[in-house]
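Here's the structure we're looking at; comments come further down.
Protein chains get the first letters and strands the later ones, always in sequence-line order, with residue 1 at the start of each.
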2 protein chains.
Amino acid sequence: MGTPPALAYDAARMTAATDTHRFPPRTEHLLDRATDFCSRENMKLTSLRRQVLGLMLESARPMGAYDLLEQLRTLHEGAAPPTVYRALDFLLELGLIHKIERLSAFVPCLHTLEHDHGLHAHEEGEECLHSGQFLICRECSQVTELEDAGILAAIVAASRKAGFRMTHSTIEIEGVCARCAGAAHARA
Amino acid sequence: MGTPPALAYDAARMTAATDTHRFPPRTEHLLDRATDFCSRENMKLTSLRRQVLGLMLESARPMGAYDLLEQLRTLHEGAAPPTVYRALDFLLELGLIHKIERLSAFVPCLHTLEHDHGLHAHEEGEECLHSGQFLICRECSQVTELEDAGILAAIVAASRKAGFRMTHSTIEIEGVCARCAGAAHARA
DNA sequence: CATTTGACGATACAATATAACATATCATCG
DNA sequence: CGATGATATGTTATATTGTATCGTCAAATG
Ligand SMILES: [Zn+2]
Ligand SMILES: [Zn+2]
Ligand SMILES: [Zn+2]
Ligand SMILES: [Zn+2]
């Protein structure tokens with residue numbers, strides 16, 4: 001992550017930055033990383049997409065598309081459902097966010113942002129988007145993304161045994177997180 | 001209740017009883033098992049629920065709630081969305097069917113029907129509904145339910161390591177099934 | 001510059017799921 | 001039996017989630 005050379009991209013980013021909502025520094029930093037990630041993939045994190053990802057990073061919890069729409073409207077007048085869904089599709093395809101199917105909601109993938117790549121090889125030679133594993137707390141609604149090699153290995157092995165060629169896996173684990181379990185214990 | 005010139009009320013009951021759609025023998029047999037299963041749980045597989053489960057057993061593929069509604073209407077005039085969703089909720093709670101989240105669709109659980117129980121202990125001492133693992137073929141849309149001990153063990157281990165107390169897991173694996181992969185290979 | 005491509009605006013709609021309240025059925029007991 | 005409470009179903013309306021489609025614009029391509 002050395003300092004990127006000053007290129008035409010910088011100009012775009014400046015303009016985008018001035019007329020765009022500013023998130024807290026930590027979020028803006030992650031958004032900058034996302035911008036870099038996108039340009040390495042020859043894609044563009046437009047101002048709209050950046051705002052959507054920013055809203056998700058600011059949220060402690062998974063956000064539904066219409067939650068996002070409501071928030072986005074305060075920043076971007078005239079946003080409509082397709083506005084949000086297009087941004088979500090883009091972010092999903094790059095692996096910058098994940099969808100939690102059981103919640104019909106979305107979370108940013110910190111793994112991709114922090115490791116600067118969202119690819120994962122779960123068969124030799126085949127690269128594909130990583131699909132994390134999600135711990136969903138039914139008390140506090142927080143979601144934690146894991147990337148557990150043991151789970152992945154077990155799933156790959158079971159698929160293989162069934163002659164199934166896996167391309168994506170959805171692993172969502174519901175229960176009570178450590179913090180909430182601790183709180184319940186303290187109350188009791 | 002026994003007066004020969006049947007009152008409208010009696011007639012309705014008779015029609016309801018005799019009028020119930022008959023599925024092919026194999027399906028009726030599974031439905032009978034489901035009836036037994038329910039009564040052991042002190043629940044009742046009513047005619048409506050039985051029809052819904054029957055439709056699912058007859059289908060080679062996962063069925064959406066509105067697919068079911070459409071079919072059900074040919075057997076049961078006046079069925080509405082809540083009719084189907086209530087039956088689905090009942091069947092889900094007993095573990096007789098599963099929801100495939102990625103498809104917003106439902107499949108019968110042959111495991112529960114064949115083993116006459118849908119319970120599974122994934123922590124010592126704790127019994128809960130089993131949550132299978134599903135192989136979803138993107139070519140033929142068929143879904144295969146696994147119950148792989150290795151996957152379950154890996155998930156339990158990872159949850160535990162995170163201090164998370166799991167109560168349910170959703171495992172959906174997308175890809176190409178053995179048959180479709182074979183067909184593709186043959187074509188190439 | 002002409003063309004193509006991708007992103008976005010805007011409207012309408014489809015698909016999935018639930019809320020709320022009325023009625024019916026069934027079991028149980030006085 | 002007849003009242004009573006619990007469960008199941010009927011019925012209407014609505015909430016929530018997700019797409020299709022078409023038009024406009026602007027940057028990229030050549
Ligand atoms: Zn991730
Ligand atoms: Zn929690
Ligand atoms: Zn099952
Ligand atoms: Zn297939």
Side-chain angles (χ1 to χ4, degrees), chain A residues 7-9 11-13 15-16 19-20 35 38-39 41-53 62-73 75-94 97 99-106, chain B residues 1-3 7-17 19-20 35 38-39 41-53 62-73 75-94 97 99-106:
Chain A
L7 291 179
Y9 276 134
R13 209 191 298 169
T15 34
D19 65 356
T20 293
T35 299
C38 289
S39 57
E41 303 275 330
N42 286 320
M43 295 289 173
K44 281 182 203 141
L45 191 72
T46 62
S47 151
L48 207 45
R49 294 163 177 169
R50 185 179 173 111
Q51 285 183 358
V52 169
L53 182 56
M63 295 185 78
Y66 284 74
D67 297 336
L68 281 164
L69 179 55
E70 187 184 335
Q71 300 278 322
L72 184 60
R73 275 183 165 147
L75 308 176
H76 186 98
E77 179 173 1
T83 313
V84 166
Y85 279 103
R86 287 196 280 237
L88 290 173
D89 287 346
F90 174 88
L91 297 168
L92 283 169
E93 272 172 23
L94 269 80
I97 64 174
K99 178 173 185 182
I100 310 297
E101 298 287 343
R102 285 187 64 87
L103 306 178
S104 294
F106 304 84
Chain B
M1 220 149 197
T3 27
L7 302 166
Y9 155 81
D10 267 340
R13 248 171 62 95
M14 288 304 289
T15 21
D19 194 16
T20 304
T35 300
C38 289
S39 57
E41 303 277 329
N42 286 320
M43 296 289 173
K44 284 188 199 127
L45 191 71
T46 63
S47 152
L48 206 44
R49 294 162 177 171
R50 186 180 171 107
Q51 285 183 359
V52 169
L53 182 55
M63 293 184 78
Y66 283 76
D67 297 336
L68 281 164
L69 178 55
E70 187 184 335
Q71 300 278 322
L72 184 61
R73 276 183 164 147
L75 309 177
H76 186 97
E77 180 174 359
T83 314
V84 166
Y85 279 104
R86 288 196 278 236
L88 291 172
D89 287 346
F90 174 87
L91 297 168
L92 283 169
E93 273 173 23
L94 269 81
I97 65 172
K99 178 173 185 184
I100 309 297
E101 297 287 345
R102 286 187 65 85
L103 304 179
S104 294
F106 303 84

Nearest heavy-atom neighbours spanning A:Phe90 and A:Lys44: CZ-O, 3.4 Å
Rounded to whole Å, please give me the gap between CZ in B:Arg102 and C1' in C:dA15. 17 Å
Hey, is the main chain of B:Arg86 close enough, under 3.5 Å, to the side chain of B:Asp89 for a donor-acceptor pair? no
Without decimals, in angstroms, what is the distance between A:Phe90 CZ and C:dT5 P? 19 Å
Rounding to a whole Å, what distance do you find between A:Leu69:CG and C:dT11:P? 14 Å
Can you name the nearest heavy-atom pair linking B:Leu72 to B:Ala79, along with the distance? CD2-CB, 3.9 Å
Hey, which sits more toward the 5' end of DNA chain C by its nearest nucleotide, B:Lys44 or B:Ala105? B:Ala105
If we only count heavy atoms from C-beta on, is the A:Leu91 to A:Leu45 side-chain gap below 4.5 Å? yes
Once you round to the nearest 0.5 Å, how far does CZ of A:Phe106 lie from CD1 of A:Ile100? 9.5 Å
Under 4.0 Å from a heavy atom of chain B: give me the 5'-most and 3'-most nucleotides of DNA chain D that qualify. D:dA8 to D:dT12
May I ask you to evaluate whether A:His76 reaches the phosphate of C:dG9, defined as a side-chain N or O under 4.0 Å from OP1 or OP2? yes
Heavy-atom check, side chain of B:Arg49 versus side chain of B:Thr46, under 4.5 Å: yes
Correct closest heavy-atom pair for B:Leu94 and B:Cys38 would be CD2-SG, 3.7 Å
Determine the minimum heavy-atom distance between B:Lys99 and B:Leu92, stating which atoms define it. N-CD2, 3.7 Å
A:Tyr85 OH - C:dC8 P separation (whole Å): 17 Å
Quick one: pull up CG in B:Leu48 and CG in B:Leu53 and give me the separation to the nearest 0.5 Å. 12.0 Å
Atom-to-atom span, CG of B:Leu92 to P of C:dA17 - whole angstrom: 11 Å
Should A:Gln71 and A:Met63 count as side-chain neighbours, where that means a heavy-atom distance under 4.5 Å? yes
Under 4.0 Å from OP1 or OP2 of C:dT16: is there any side-chain N or O of A:Ser104 that close? no
Verify the contact: side-chain N or O of B:Lys99 to OP1 or OP2 of C:dA17, cut-off strictly under 4.0 Å; return yes or no. yes
From CZ of A:Arg86 across to C1' of C:dG9 the rounded distance in Å is 7 Å
For DNA chain D, the dot-bracket notation using Watson-Crick and G-U wobble pairs below 3.5 Å, [ ] for pseudoknot-type crossings and | for other-strand pairs, is ||||||||||||||||||||||||||||||
I need the CG-P distance between B:Leu68 and C:dA17, as an integer number of Å. 11 Å
Minimum heavy-atom distance B:Pro62-B:Leu103, with the two atoms named: CG-CD1, 3.9 Å
Need to verify one output field. Residue with the more 5' nearest nucleotide on DNA chain D, B:Ala80 or B:Arg49? B:Arg49
Are there any protein N/O atoms within less than 3.5 Å of an N/O atom in nucleotides 12-14 of chain C, and if so, which ones and at what distance?
none

To the nearest 0.5 Å, what is the distance between OH (A:Tyr85) and CG (A:Leu68)? 9.5 Å
Atom-pair distance (CE on B:Met63; P on C:dA15), nearest Å: 15 Å
